[in-house]
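Just so it is clear, the model here is predicted, and its values are computed rather than measured. Chain identifiers are assigned alphabetically (A, B, ...) following the order of the sequence lines, protein sequences preceding nucleic acid strands; residue numbering begins at 1 within each chain.
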Amino acid sequence: MSKELTTRAADYSQWYNDLVIKGGLADYSAVRGCMVIKPYGYALWENMRDQLDKMFKDTGHVNAYFPLFIPKSLFEAEEKNAEGFAKECAIVTHYRLKTDPNNKGKLIVDPEAKLEEELIVRPTSEAIIWNTYKGWIQSYRDLPLLINQWANVVRWEMRTRLFLRTAEFLWQEGHTAHATKQEAIAETEQMLNVYADFVEEYMAVPVIKGIKTANERFAGAEDTYCIEALMQDGKALQAGTSHFLGQNFAKAFDVQFMNKENKLEYVWATSWGVSTRLIGALIMAHSDDQGLIMPPKIAPLQVVIVPIYKGEESKPVIDAKVEILVKEFKALGIRVKYDNSDNARPGWKFAEYELKGVPVRIALGMRDLENNVVELARRDTKEKQSVSVDGLPETVKKLLEEIQRNIYNKALAFRNENIREANSWDEFVKLLDEKGGFISAHWDGTGETEDKIKDQTKATIRCIPMNNKMEEGKCILTGMPSGQRVLFARAY
RNA sequence: CGGGAUGUAGCGUAGCCCGGUUAUCGCGCCUGGUUUGGGACCAGGAGGUCGCAAGUUCGAAUCUUGCCAUCCCGACCA
């Protein structure tokens, strides 16, 4: 099997596709715009999901599950939200097939099985959830309601890309209800921080926390908070969003509660989500021309051990030694695989596990055993060293931590090098075309100007950074006064 | 959804323009052997709805039409 990878310099998009496919994360499917997540990719998602799930629960949330289908009348209740998603909805109109009388063996939609009311396949679940919450919330004592669901959603995208934008994808969506505006805003901010902590600490991808402009805001939200990451090609990627929904959904679905003063009030809402898109961010933030680079904390496999044997008699000796090591690794909670399969030689295995991004590789043969050492190779720097077998699990544990730090620091340095200030339109355009990355610039605060900049350069305002420095200046396009810089970038 | 490209064994491909024996080659796979410190070698072998469906023809991988999927560019997009 040819495992030649396209290089980043030759064709960045193709490089990305090659990593996803040849790295065994996902496959194309027979369904337009939908992909198959393969076991290796799904194991990565499971590790991400499990950690996030723990963090959600640590902040007081519980999981539930709501239906895939949403009656059209519910879907349209919150107008802005419905409008925002209308163009990308899949709709169920019938509930039965029948044999084609004119073409035996083929099926057609039974025209007599038309639904009274069409069902929308959820692009997000606010509608069905708020319709349900109406029945669950009567008093301030029922609040806050802090629920998350792990689910699939469907958005009928015109153009899809593996993990980054597919018609169906996996995600989690948190939907909370609160008695006060302040509490809902605090929740929105808290979950943004949870996302940022997760992405930085576990995925080793540095993010910028910020607030979206009105143009980029979630349909139906009062405010959308986001974390933005930078990819190696200089394009930004929205890695997660957290929305303060105000009372928009409470009013649309008539969700009121009795407060302590015995007065009816509409509840305050938030929603927040991250998706399998994060896997795309992970790939594009760290990987190189040899393949994927997995951050140890969420890598499906942290360590692979490859035996190097000469003749049949040495194999059992190495197997026996490794068996002990594997037990020790597992005792320390290290995800390890011993690949003693006989159908590939060591060199082939080395290349294969580099492609898959396994953080640490251990090779050992008789020569090593005699000297009580192994060859320890790290994926991020490709460095190899000979280390003692004594205390090896601890050595590896420390190395995994070091790799996690290193790839984060590398991504952070790259991100920081690629935030540049622009003080004129010419400079802005030049930076965008020649360097990419985030461009920090003044903007007059209007949607019109933002649209014009987007039309002319394809750059959008990624966010207004949190705790942004206030600074008088002039909008790079219109010259109108501006009180702070915002971050522009071309984005995925 | 518009423009461009692609689809032949698990992967990568030749053949297609100009229709005509048994569809080419490499990798991988299976068997046996030799091997194993950076993508091993020898010998033998298996594997094909030529993306799908109609049509033209004595005859279609090759020509025509429709459809499906993928990639790139655009439009679109929390």
Once base and sugar-phosphate atoms are separated, protein heavy atoms under 4.0 Å mark nucleotides 43-48 of chain B, 5' to 3', with B, S and - as ------

Consecutive-pair stems (at least three Watson-Crick or G-U pairs, under 3.5 Å) that include RNA chain B: B:1-7 with B:68-74, B:10-12 with B:25-27, B:29-34 with B:40-45, B:51-55 with B:63-67

Take the protein atom CZ of A:R32 and the nucleotide atom P of B:rC71, then report the distance between them rounded to whole Å. 10 Å

Given the structure, check if the side chain of A:E354 and the base of B:rG38 hold any donor-acceptor pair shorter than 3.5 Å. yes

Looking at residues at least two apart in the chain, or sitting in another chain, which of them share a ring pair (Phe, Tyr, Trp, His ring centres under 6.0 Å) with A:F198? A:Y202

Please report the distance, rounded to the nearest Å, between NZ in A:K454 and C1' in B:rC77. 8 Å

I'd like to know if A:R165 reaches the base of B:rC77 with its side chain such that a donor and an acceptor end up less than 3.5 angstrom apart. yes

Polar-atom pairs under 3.5 Å, protein N or O versus N or O of nucleotides 34-36 of chain B: list them with distances, or write none.
| residue | atom | partner | partner atom | Å |
| --- | --- | --- | --- | --- |
| B:rU36 | O4' | A:R345 | NH2 | 3.3 |
| B:rU36 | O2' | A:Y309 | O | 3.2 |

Look only at the side chain of A:E222 and the backbone of A:G246, and say whether a donor-acceptor pair between them is shorter than 3.5 Å. no

Thinking salt bridges, do A:R8 and A:D289 make one under a 4.0 Å N-O criterion? yes

Side chains of A:E450 and A:T213: is there a donor and an acceptor less than 3.5 Å apart? yes

Indicate, with a heavy-atom threshold strictly under 4.0 Å, whether A:G240 touches base, sugar-phosphate, or nothing. nothing

When rounded to the nearest Å, what value does the distance between P atoms of B:rA23 and B:rC50 take? 11 Å

Within the distance-only criterion (no hydrogens, no angle test), does the side chain of A:R378 pair as donor or acceptor with the backbone N or O of A:I403 below 3.5 angstrom? no

What integer distance in Å separates A:K212:NZ from B:rC77:P? 14 Å

With RNA chain B as reference, determine whether A:V374 or A:G273 sits nearer its 5' end, using the nearest nucleotide of each. A:V374

For A:T460, which residues count as a side-chain hydrogen bond (donor to acceptor under 3.5 Å, both in side chains) partner, sequence neighbours excluded? A:R462

Distance-only donor-acceptor check, side chains A:N215 and A:K454, under 3.5 Å: no

Distance in angstrom units between A:W348 CH2 and B:rG37 P, rounded: 15 Å

Can you figure out which of B:rA75, B:rG39, B:rU70 approaches the side chain of A:Y28 most closely? B:rU70

Atom C1', compared across B:rC18 and B:rA61: separation rounded to whole Å: 15 Å

What pairs of donor and acceptor atoms, side-chain ones from residues 354-367 of chain A against any protein atom, are under 3.5 angstrom apart with sequence neighbours left out?
| residue | atom | partner | partner atom | Å |
| --- | --- | --- | --- | --- |
| A:E354 | OE2 | A:R361 | NH1 | 3.0 |
| A:K356 | NZ | A:G23 | O | 3.1 |

Going by ring pair (Phe, Tyr, Trp, His ring centres under 6.0 Å), name the residues that satisfy it together with A:W15, two or more places apart in sequence or in a different chain. A:Y12

Round to the nearest Å and state the distance from A:F218 atom CZ to B:rC77 atom C1'. 13 Å

Just by distance, no angles: are the side chains of A:D233 and A:Y492 close enough, under 3.5 Å, to form a donor-acceptor pair? yes

B:rG38 base to A:K384 side chain: any donor-acceptor pair below 3.5 Å? yes

Side-chain-base donor-acceptor pair under 3.5 Å for A:R361 and B:rG38: yes

Each nucleotide N or O in nucleotides 5-8 of chain B that has a protein N or O under 3.5 Å away: list the pair and distance.
none

Short question: side chain of A:Y353, backbone of A:I305 - any donor-acceptor pair under 3.5 Å? no

Side chain of A:R159 (C-beta onward), nearest among B:rC71, B:rG39, B:rC72: B:rC72

Main-chain N/O of A:M203 paired with A:H286 side-chain donor or acceptor, under 3.5 Å: yes

Whole-Å distance between B:rC27 C1' and A:N343 CG? 15 Å

Can you name the salt bridge (charged side-chain N to carboxylate O under 4.0 Å, His left out) partners of A:E78, sequence neighbours left out? none

Are A:F488 and A:F428 near enough that their ring centres are under 6.0 Å apart? yes

Say we look at B:rC52 and B:rC68: how far apart would their C1' atoms be, to the nearest angstrom? 7 Å

With sequence neighbours left out, the residues meeting ring pair (Phe, Tyr, Trp, His ring centres under 6.0 Å) with A:H61 are A:W272

Between B:rG28 and B:rG66 - C1' atom distance, rounded Å: 36 Å

Is A:Y353 near enough to B:rG39 that one of its side-chain N or O atoms lies under 4.0 angstrom from OP1 or OP2? no

Please name all residues satisfying ring pair (Phe, Tyr, Trp, His ring centres under 6.0 Å) with A:F253, sequence neighbours left out, ordered by chain then number. none

Near RNA chain B, counting only heavy atoms under 4.0 Å, which residues of residues 85-94 of chain A show up? A:F85, A:K87, A:E88

Rounded to whole Å, please give me the gap between CZ in A:F169 and C1' in B:rC77. 11 Å

Expected output: side-chain A:Y65 to main-chain A:A151 donor-acceptor under 3.5 Å: no

Heavy atoms from C-beta onward define the side chain here; which of B:rU70, B:rG39, B:rG37 lies closest to that of A:E375? B:rG37

When rounded to the nearest Å, what value does the distance between P atoms of B:rU8 and B:rA14 take? 11 Å

So what does A:W171 touch, heavy atoms closer than 4.0 Å: a base, only the sugar-phosphate, or nothing? base

Starting at CG of A:L5 and ending at P of B:rC11, how long is that distance when rounded to a whole Å? 17 Å

If we ignore angles and hydrogens, is there a donor and acceptor under 3.5 Å between the side chains of A:E375 and A:S386? no

For B:rC72 and A:N17 - does any side-chain N or O of the residue sit under 4.0 Å from the phosphate oxygens OP1/OP2? yes

